[in-house]
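Data first, discussion second: the structure below is written as structure tokens.
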Protein chains: 2
Amino acid sequence: MPEIPSKIGRPPKSDRNPDEVKTEILAAAVEEFSQHGLSGTTTEAIAHRARVTKAMIHYYFKTKEGVYRAALENLFSGLVTPVQQEEFTHISPEQALASFIQQVLQSASSQPCIHALLALEAIQNQGKYYKELEVGQLVYGTLSCILERGVEAGVFRPLNPQHMAVNILGTCVFYFVSQGNLQHFFQERAMASPDMMEQHTTEAIAFIMAGVLR
Amino acid sequence: MPEIPSKIGRPPKSDRNPDEVKTEILAAAVEEFSQHGLSGTTTEAIAHRARVTKAMIHYYFKTKEGVYRAALENLFSGLVTPVQQEEFTHISPEQALASFIQQVLQSASSQPCIHALLALEAIQNQGKYYKELEVGQLVYGTLSCILERGVEAGVFRPLNPQHMAVNILGTCVFYFVSQGNLQHFFQERAMASPDMMEQHTTEAIAFIMAGVLR
DNA sequence: GTCTATATAAAGATAGAC
DNA sequence: GTCTATCTTTATATAGAC
């Protein structure tokens, strides 16, 4: 009796090429890691979301830690480039600050999981993998430079640039990180809805500018 | 031959009474949960930190989820009481706001894990257990009331009280939540050291007040 | 109450067929 | 490259001795 070549009842064989598969695994990994962190995420969950088997994860990335590293790099590559950093030095501190904040908020809106992932990385891994990327130095370095310039020029009030950089980022980002808790407090609309995002942007910029300008 | 009554080589039998044991388990649970979250924490880790066996955890709290609920309640009971909430309405909005911020920062300094735990709860559980406590409503309700009063009195600039409440909390709290990542950026001293904490307090209050006052 | 021992389930990772 | 099957470790939770 001849063998039946196609096994019925199986999930449809992937029509994706290897590159697409790898990309999709990374995307799935970002989603999972940004909710459960490195230790809390299971390869099974990533595999299921990417519609592959666990074995594929290990085939492409060797270990779970390998997927995590790759996901972090993939997420933050091209977030803030040294080129953009240069541009900020050619405009006034007020304009640079406003522009910087808007960029942060915009990237947070389009990639909602990015700051959750960063928070988990800080809390669970003490920034071990974050340190390996140079994005942190770049973001905080750029922001505190803008602040320092503004203070020296006399347009910003006297302040500690490093602490203020952290506090400004906190203002921008906390809204996203704490959404899970705050959604019970904001009864009206979904916090991720476009108009709420716009409100947050408006309020954050007004707050930060008022808090920094002389 | 008579049995040997004491088994040598065993860890010294606990000299604690049951109440102390339960308290110590809760303290250990807060430490572990605030670093790894509900799903990421193992009962083994809690047991080891509390110097008991896993079986004790289940004896006192039935399930891991039970320990988590108990730890949350224990941590937030008496953080902000309705009594304190009342007091804020009897002083000027500026004084109330400054006093509120100082209380938040002080509790964060003395309980460094509290906001990490809240962040993990938001990210990993979407605030499921946070919602069961009434602390959230209390904290954000109190703060946005203070802001609303200040705007109506004309001492604060026009602003959205709810969004501003979130942004103010973010300014206070982000420093603690992101310590793991930021420690690589703050080369000088440990971010949890007393003088760095004082600097953060000073900068946060100056920032918030400047950002809110007319 | 506190422990040891264990049942049961789930995880990361690998081997080997196709 | 992609899958199934399996090894090994680790987790939650329970049973039962003391």
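Since this is a predicted model, take the numbers as computed values, not measurements. Chain letters run A, B, ... following the sequence lines, proteins first and then strands; every chain starts at 1.
Distance B:Asn17 CG to C:dT2 P: 9 Å, rounded to the nearest Å. Between A:Glu32 atom CD and C:dA11 atom P the separation is 11 Å, expressed in whole Å. A straight line from CZ of B:Phe61 to P of D:dA13 spans 14 Å, rounded to a whole angstrom. Distance A:Tyr59 OH to C:dC18 P: 19 Å, rounded to the nearest Å. Regarding A:His48, its NE2 atom lies at a distance of 13 Å from the P atom of C:dA11, rounded to whole Å. Note: CD (B:Glu24) to C1' (C:dG1) measures 15 Å, nearest angstrom. Here the P atom of nucleotide D:dA11 and the CD1 atom of B:Ile46 are 12 Å apart, to the nearest Å. We find that CE of A:Met56 is positioned 19 Å from P of C:dG16, with the value rounded to whole Å.
Taking 4.0 Å as the cut-off between side-chain N and carboxylate O, B:Glu73 and B:Arg69 do not count as a salt-bridged pair.
Regarding contacts with the backbone of C:dT14, every side-chain N or O of A:His58 stays at 4.0 angstrom or more from both OP1 and OP2. Phosphate proximity of C:dT2 to B:Tyr60: present, with a side-chain N or O under 4.0 Å from OP1 or OP2.
For A:Cys145, the side-chain contact (heavy atoms from CB on, under 4.5 Å) criterion is met by no residue, not counting sequence neighbours.
Contact check for A:His200 versus B:Asn167: side-chain heavy atoms found under the 4.5 Å cut-off. Taking the side chain as every heavy atom from C-beta outward, A:Ile168 and A:Val212 approach each other to under 4.5 Å. Side chains of A:Val166 and B:Ser178 form no contact here, defined as non-hydrogen atoms less than 4.5 Å apart.
For B:Thr53, the side-chain atoms get nearest to C:dC3 when compared with the rest of D:dT12, D:dC3, C:dC3.
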Which atom pairs link the protein and nucleotides 5-7 of chain C when you take only N or O atoms and keep those under 3.5 Å?
none

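Across all strands shown, A:Thr41 has heavy atoms under 4.0 Å from sugar-phosphate atoms exclusively, and none from any base.
Note on ring orientation: taking the six-membered ring where Trp is involved, the planes of A:Phe186 and A:Tyr175 are perpendicular (angle over 60°, cut-offs 30° and 60°). Using the six-membered ring where Trp is involved, A:Phe207 and B:Phe207 have ring planes that are parallel, under 30° apart on the 30 and 60° scheme.
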